[in-house]
Chemist: 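First the structure, then my questions, so here it is.
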Amino acid sequence: MNINIRTNGTNTEHPLEWPEGALTRVPYWIYQSPEIYAAEQRRVYQGPTWNYLCLEAEVAGPGDYRTTFVGSMPVVVARDFDDEIYAFENRCAHRGALIALDSGGKARDFTCVYHAWNYDLKGNLKAVAFEDGVAGRGGMAKTFCRSDHGPRKLRIAIFCGLVFGSLSDDVPPIEEYLGEEIAGKIRRVLHKPAVVTGRFTQTLPNNWKLYFENVKDTYHASLLHTFFTTFRINRLTQRGGLVISPNGGHHASFSFMDNTSTEHDYSAMGLRSEKEDFGLKDMSLLAGTDEFEDGCTLQILTVFPGFVLQQIQNALAIRQILPQGIEQTALNWTTIGFADDTPEMKTMRLKQGNLAGPAGYVSMEDGCVGGFVQRGIAAAGEERAVLEMGGAETVAEGTRATEASVRGFWKCYRAHMAI
Amino acid sequence: MASAITLERILALQAAYIRCIDNNELEAWPEFFLDRCLYKVTTAENHKNGFEAAIIYADSKGMLIDRIAALREANVYEKQSYRHILGLPNVVKNGGEEAESETPFLIARIMHDGQTDLFATGVYLDTYRAAGNDLKFAKRIVVCDSSRVDTLMALPL
């Protein structure tokens with residue numbers, strides 16, 4: 001049934017109503033509509049969700065701060081002198097200018113450069129320049145009360161050294177939000193305090209959802225990323241699995257090295273992934289250790305709406321997915337290690353770092369494939385994607401040849417969006 | 001005996017290096033490096049903060065050969081090419097058989113559909129070693145000014 005016919009700004013008329021087919025169909029206007037984008041800011045990012053802000057290690061001492069975003073909302077994260085972490089909107093209560101301009105640093109307080117309104121590290125307005133005027137003239141009205149004015153404050157949750165923020169009072173506690181299985185798989189990797197080894201930003205030419213779906217998409221991994229398959233880092237035939245949170249929004253896919261599985265599945269199908277005689281000159285790239293002592297060589301985990309924890313052998317990273325407009329997404333990579341890494345372990349992480357990131361052997365394609373979709377659907381706002389691999393459900397199965405976790409994303413997303 | 005490293009030899013190496021990449025002769029690219037070498041692409045912010053992680057990290061010529069093999073055989077990306085424009089190398093140290101320089105660069109990326117963008121600017125921090133008539137990179141740290149990479153970094157800088 002078509003109601004509420006509106007234009008989406010790309011000159012195609014479409015009904016903003018989900019098509020029949022439950023979770024197995026995704027209408028392309030969802031990646032194109034300014035109305036959807038605006039609703040996402042309110043309902044998803046500023047709604048009852050936990051948004052990854054930074055690592056606790058990045059605001060380690062009193063006065064340390066980082067600036068980041070929750071959706072399109074700029075945010076300051078700071079550790080105050082009471083040793084607690086606070087986060088607030090990076091927007092002066094006066095005229096709306098950014099309060100902190102740098103990506104991070106050390107501060108005792110923040111002063112907006114525009115009219116010098118001053119804030120403490122909790123985001124409280126502490127001083128207004130010329131509040132009492134000059135020589136008895138001007139100044140703020142007598143009724144002005146500083147405590148009535150200030151940027152919006154976020155609730156903070158810290159889990160395994162990850163700092164999450166939420167504008168919502170209704171969001172469940174972080175462990176409940178994550179669920180037992182996902183929480184356990186985060187604990188598995190971040191079992192001790194992480195240290196930052198680098199930061200990179202990749203600008204993706206596509207809607208943020210296309211990247212988040214891509215990370216959750218266990219079906220594509222071995223087909224698009226031929227480096228993976230050639231070197232047997234990940235094959236659908238390998239022993240592994242998938243867990244999806246009950247709300248569908250979070251997932252973890254994982255695999256174990258298994259040299260006993262049959263090698264014929266790909267070649268028999270004649271898929272592009274299988275390349276013969278393709279060997280590495282320097283195998284040290286793939287030299288790794290079983291640092292978590294469970295044989296799991298790959299774990300990719302997502303938390304709705306924009307957090308990824310990556311373990312590709314010993315290459316560990318956090319990816320923060322931030323929308324920067326309908327057709328642009330910032331992918332912020334924070335590569336991590338641990339304080340007690342030996343020099344050998346550091347070198348391994350550096351070398352395996354080649355697998356991921358903007359030039360990553362197994363993630364390079366993810367940077368461009370979302371753009372291929374965004375360009376491909378340019379005239380197809382009323383058409384829809386098909387998500388039927390592995391059925392129509394959002395429950396994890398014993399295989400990764402499924403789109404269950406992508407359907408899970410839509411289940412969670414649509415619940416938040418009421419769409 | 002190795003001959004002295006001169007500015008002329010440095011300039012010739014720099015010019016040949018960017019010509020190799022810009023002309024899509026990537027199979028020859030690893031030959032600009034010693035067998036034991038360090039090639040690293042990072043950002044000014046990471047470099048300043050002492051963060052070790054890199055966008056590309058290779059500590060042997062073998063790893064450079066592997067990167068080209070991956071680009072040719074495994075990785076998926078749209079056809080593209082670079083145009084490097086170099087500034088003048090500032091030779092910061094020259095010990096005769098080993099020298100160091102800093103060379104600013106500007107790289108435009110030309111996509112197959114003609115779209116041309118400024119892809120990266122930065123500085124090459126180089127260590128050269130002379131072996132007979134050959135001058136090679138012992139170390140090439142590519143420090144990009146920006147922390148942002150548009151879409152992906154396929155070809156080496």
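In what follows, chains are A, B, ... by sequence order, proteins preceding strands, each numbered from 1. Since this is a predicted model, take the numbers as computed values, not measurements.
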Chemist: Can Y31(A) and E213(A) be counted as having a side-chain donor-acceptor contact under 3.5 angstrom?
Modeler: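 Yes.
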
Chemist: Can you name the residues that form a side chain to side chain donor-acceptor pair (under 3.5 Å) with T151(B), not counting sequence neighbours?
Modeler: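 None.
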
Chemist: A cation-pi test, strictly: NZ or CZ of K216(A) under 6.0 Å from the centre of the six-membered ring of F212(A) and no more than 45 degrees from its axis. Yes or no?
Modeler: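 Satisfied, under 6.0 Å and within 45°.
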
Chemist: Output the residues of residues 26-36 of chain B for which the shortest heavy-atom distance to chain A is under 4.5 Å, in residue-number order; output 'none' if no such residue exists.
Modeler: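 From residues 26-36 of chain B, none sit under 4.5 Å of chain A.
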
Chemist: Do you know which of G357(A), P205(A), G371(A) has the most heavy-atom pairs with chain B at a distance under 4.5 angstrom?
Modeler: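 Top option by heavy-atom pairs under 4.5 Å: P205(A).
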
Chemist: A54(B), C144(B), P156(B), A154(B): which one forms the most heavy-atom pairs within less than 4.5 Å of chain A?
Modeler: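 The residue among A54(B), C144(B), P156(B), A154(B) with the greatest pair count is A54(B).
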
Chemist: Please classify the contact of Q328(A) with chain B as side chain, backbone, both or neither, using a heavy-atom distance under 4.5 Å.
Modeler: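 Looking at Q328(A), just its side chain touches chain B.
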
Chemist: For I65(B), is it the side chain, the backbone, both, or neither that has a heavy atom closer than 4.5 Å to a heavy atom of chain A?
Modeler: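 Contact with chain A: side chain only.
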
Chemist: Need one label for D150(B): side chain, backbone, both or neither, based on atoms under 4.5 Å from any heavy atom in chain A.
Modeler: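 For D150(B), backbone and side chain are both near chain A.
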
Chemist: Considering only heavy atoms from C-beta outward, does the side chain of Y39(B) approach that of L157(B) to under 4.5 Å?
Modeler: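 Y39(B) reaches L157(B) side chain to side chain.
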
Chemist: Could you walk me through whether E78(B) and R375(A) pass salt bridge (Lys or Arg N to Asp or Glu O under 4.0 Å), step by step?
Modeler: CA-CA 13 Å; E78(B) 288 180 278; R375(A) 280 147 62 188; 2.7 Å; yes

Chemist: Quiz question: by atom type and distance under 3.5 Å, do the side chains of T43(B) and N46(B) form a donor-acceptor pair?
Modeler: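 There is such a pair between these side chains.
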
Chemist: Mark yes or no: R67(B) above the aromatic ring of Y361(A), with NZ or CZ under 6.0 Å from the six-membered ring centre and no more than 45 degrees from the axis.
Modeler: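 Yes, cation above the ring, under 6.0 Å and within 45°.
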
Chemist: Taking the side chain as every heavy atom from C-beta outward, state whether M345(A) and E291(A) have any atom pair closer than 4.5 Å.
Modeler: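 Side chain of M345(A) against side chain of E291(A), heavy atoms only: contact under 4.5 Å found.
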
Chemist: Chain B: which of T335(A), T329(A), N354(A) shares the most heavy-atom pairs with it under 4.5 Å?
Modeler: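 Highest number of pairs under 4.5 Å: N354(A).
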
Chemist: Check the pair K106(A) / D64(A) against salt bridge (Lys or Arg N to Asp or Glu O under 4.0 Å), numbers first and verdict last.
Modeler: CA-CA 4 Å; K106(A) 230 171 171 49; D64(A) 287 349; 2.6 Å; yes

Chemist: Checking E52(B) against chain A: side chain, backbone, both or neither under 4.5 Å from a heavy atom?
Modeler: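 Contact with chain A: backbone and side chain both.
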
Chemist: Ignoring hydrogens and angles, state whether a donor on the side chain of N75(B) or H225(A) is under 3.5 Å from an acceptor on the partner side chain.
Modeler: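 No donor-acceptor contact under 3.5 Å links the two side chains.
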
Chemist: Between L71(B) and chain A, which part of the residue has a heavy atom less than 4.5 Å away: side chain, backbone, both or neither?
Modeler: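 Side chain of L71(B) only, per the 4.5 Å heavy-atom cut-off to chain A.
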
Chemist: With the threshold set at 4.0 Å, does a side-chain nitrogen-carboxylate oxygen contact exist between K139(B) and D126(B)?
Modeler: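 So K139(B) does not pair with D126(B) through a salt bridge.
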
Chemist: Could you pull out all residues at least two apart from F292(A) that satisfy ring pair (Phe, Tyr, Trp, His ring centres under 6.0 Å)?
Modeler: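 Partners of F292(A) by the ring pair (Phe, Tyr, Trp, His ring centres under 6.0 Å) criterion, ordered by chain and then number, come out as H191(A).
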
Chemist: Using a cut-off of under 4.5 Å on heavy-atom pairs, state which of I55(B), T42(B), V41(B) scores highest against chain A.
Modeler: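 Of the candidates given, the most pairs with chain A belong to I55(B).
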
Chemist: Is it the side chain or the backbone of S103(A) that comes within 4.5 Å of chain B heavy atoms, both, or neither?
Modeler: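 Contact with chain B: side chain only.
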
Chemist: Consider only side-chain N and O atoms of Q320(A) and N332(A), and report whether a donor and an acceptor are under 3.5 Å apart.
Modeler: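 Note: Q320(A) and N332(A) side chains meet the donor-acceptor criterion.
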
Chemist: Could you tell me if K40(B) sits above the aromatic ring of Y57(B), with its cationic atom closer than 6.0 Å to the ring centre and no more than 45 degrees from the axis?
Modeler: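 Geometry flag: not set, cation outside 6.0 Å or 45°.
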
Chemist: Name, in order of residue number, those residues of residues 195-203 of chain A that have a heavy atom at a distance of less than 4.5 Å from a heavy atom in chain B; otherwise write 'none'.
Modeler: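 Residues V196(A), T197(A), G198(A), R199(A), F200(A), T201(A), Q202(A), T203(A) are the ones that qualify, each having a heavy atom under 4.5 Å from chain B.
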
